[in-house]
Amino acid sequence: MTTIADTWGLHEGHFWLRGRHPDQPVSFDAATGMWNVFGHPEALRVLGDPKTFSSDTARVLPSMEMSSEGMLTQMDPPAHGKLRKLVSHAFTPKVVADLEPRIAELTHELLDEVADPDRLELVTDLAYPLPVIVIAELLGVPGSDRHLFKQWVDRMFENTQQFSLVNQSDEQERSFTVAMEQFRHLADYIGEHADDRRRHPRADLLTKLVEAEVDGERLTQAEVVNFANILLVAGHITTTMLLGNTVLCLDAHPEQFARTREDRSTIPAVIEESLRFFSPFAALGRVTNVDVELGGQHVPADQLLMVWIAAANRDPREFADPDVFDPSRVPNPHLGFGRGIHFCIGAPLARLEGRVALDILLDRFPHLRTDPDEPPRFIPSPTMTGVRRLPLLTSGS
Ligand code: HEM
């Protein structure tokens, strides 16, 4: 069977996309000095036990001079819970649900600007700008500055190599330095806006963050900046990948595509299956706090684990026919948004953006298909699966 990965030449490391399954659910990789967790139950166990499996991976990684204060993804209990509660107050389901009309309006505006009646470049024309403008407006920074964030965020994810604790090559060090520089640009940018909101509060998320209190204490500048940065970076790459991947999955499965066009109520299930089948975040990092038995292996303390949620999402012990794209699977306990205390805070927003944008896209383009002469281009990172460019033909012939 030719898979999407074979058709378009995706990263060789993404073996699960080619219908291959790992020999063992957990294994040590001597080349990188890290443990790989590929199995679904094993991934669930790791993500569900932050006491044993810490998210503070910085302690085993090469030195990072950036402050990790407020980096929610890197924090463990109890500090994580406090900050998460606080930011959840600012990022409520109602705040997200209220965005629906604006998401629809922006989708139409962006599609109105497409000049060529016969083609669309999904990423540039819609999937990139839409989530960035939405999160920028929510935070309260000008969406028109998006070319600045794009420059920084693109450079952050330029690394094509699998990270290794064993071979700390010049290339690896260089990509760390470049990524840190980009993060600093973003931090300076957000920092200036946060300072402004302290002096001139507005009705935006940044103001809510600078005014938010946990146990009578306000967030520090570093906490505000780092959290806002995570939102801005997450707002960039994730929904972009989700939309692109969903269109790619539908393109490769014409029957499902036709069904989705006919019955739009199936869109949420299509999006969930796309998150399972083509998971944007392929891997999450964790560190063992203590020695532990996992998937039949003895993993010592202080080891870096790569939890390959994208591979776990194809574990035949959890999903029947895991290599079949089947939006009708119920339940669909994919790990595309993670699990446990770090479960994606932006999931409701990503799902809403995905649903609204796909629905409008199908309304406005009765024909949408990939262009064999202009194949999609993918983000080169081994831990992410998503398009960087997705040229689509929109004419019927
Ligand atoms: C956490 C995936 C969209 C904000 C996560 C995690 C995953 C994930 C897998 C768990 C990380 C871990 O356990 O280490 C995705 C995917 C998205 C998406 C696949 C889109 C399809 C978004 C959006 C935002 C966002 C749109 C915000 C605007 C966050 C934040 C966390 C997070 C703040 C950290 C939560 C915590 O550590 O408690 N996301 N995400 N995500 N996501 Fe998303």
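Along the sequence shown, residues carry numbers from 1. Every number for a ligand or one of its atoms is a count from 1 in the order of the listing.
Cation-pi contact between Arg261 and Phe257: present, with separation from the ring centre below 6.0 Å and deviation from the ring axis of at most 45°.
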_Between Asp29 and Trp35, does the side chain to side chain donor-acceptor pair (under 3.5 Å) criterion hold? Intermediate values first, please._
CA-CA 6 Å; Asp29 182 353; Trp35 290 81; over 6 Å; no

*asked:* Between Phe15 and Phe38, does the ring-ring contact (aromatic ring centres under 6.0 Å, His included) criterion hold? Intermediate values first, please.
replied: CA-CA 11 Å; Phe15 64 85; Phe38 294 121; 5.2 Å; yes

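Residue contacts with ligand 1, taken as heavy atom pairs separated by less than 4.0 Å, involve Leu284 solely via side-chain atoms from C-beta onward. Heavy atoms of Leu72 found under 4.0 angstrom from ligand 1 belong to the backbone as well as the side chain. Residue contacts with ligand 1, taken as heavy atom pairs separated by less than 4.0 Å, involve Arg84 solely via side-chain atoms from C-beta onward. Under 4.0 Å from ligand 1, heavy atoms of Phe337 appear from its side chain as well as its backbone. Proximity of Val87 to ligand 1, defined as any heavy-atom pair under 4.0 Å, is not found for any part of the residue.
Residues Gln74 and Thr57 bring a donor and an acceptor atom of their side chains to less than 3.5 Å of each other. Using modelled atom types and a 3.5 Å distance limit, the side chains of Gln221 and Arg198 yield a donor-acceptor pair. No hydrogens or angles considered: nothing links the side chains of Asp56 and Ser54 as a donor-acceptor pair under 3.5 Å.
Interatomic distance, CG of Asn245 versus CG of Asp251, reported as 12.5 Å (0.5 Å rounding).
Residue, atom and distance of the protein heavy atom nearest to atom 19 (C) of ligand 1 are Gly336 O, 3.5 Å. Ile135 CD1, 3.4 Å is the protein heavy atom nearest to atom 28 (C) of ligand 1. Of all protein heavy atoms, the one lying nearest to atom 10 (C) of ligand 1 is His342 O, 3.4 Å. Scanning the protein heavy atoms around atom 2 (C) of ligand 1, the nearest turns out to be Phe281 CD1, 3.3 Å. With respect to atom 34 (C) of ligand 1, the closest heavy atom belonging to the protein is Thr73 CG2, 3.5 Å. Distance from atom 27 (C) of ligand 1 to its nearest protein heavy atom, with residue and atom name: Leu231 CD2, 3.6 Å.
Comparing Cys344, Ala350, Gly346 by heavy-atom distance to atom 1 (C) of ligand 1, the nearest is Cys344. Looking at Glu353, Arg351, His334, Arg286 and measuring to atom 13 (O) of ligand 1, the nearest heavy atom belongs to Arg286.
Any N or O atom pair closer than 3.5 Å counts here, and Thr238 shares no such pair with ligand 1. Residue-to-ligand polar distances place His80 within reach of ligand 1: an N/O pair is separated by less than 3.5 Å.
Remark: Glu213 CD is packed, more than 12 non-hydrogen atoms of other residues, nucleotides or ligands lying under 6.0 Å away. The neighbour count for Arg377 CZ, taken as heavy atoms of other residues, nucleotides or ligands under 6.0 Å away, does not exceed 12. More than 12 heavy atoms of other residues, nucleotides or ligands sit less than 6.0 Å from atom CG of Asp98.
Distances shorter than 4.0 angstrom do not occur between any heavy atom of Ser55 and any atom of ligand 1.
Judged purely by atom type and a 3.5 angstrom limit, Arg276 has no side-chain atom pairing as donor or acceptor with the backbone of His334.
Near Ile230, the atoms of ligand 1 lying under 4.0 angstrom from a non-hydrogen atom of the residue are 33 (C). Numbered from 1 in the order shown, with element, the atoms of ligand 1 that lie under 4.0 Å from a heavy atom of Leu242 read 21 (C). Within the listing of ligand 1, atoms 4 (C), 24 (C), 25 (C), 41 (N) sit less than 4.0 angstrom from a heavy atom of Ala234. Ligand 1 places these atoms under 4.0 Å from at least one heavy atom of Ile341: 38 (O). Residue Gly338 approaches ligand 1 through these ligand atoms, each under 4.0 Å from one of its heavy atoms: 9 (C).
Put simply, the side chain of His40 does not reach to within 4.5 Å of the side chain of Arg314, judged on heavy atoms.
The aromatic rings of Phe337 and Phe343 sit perpendicular to each other, their planes meeting at more than 60°, with 30° as the lower class boundary.
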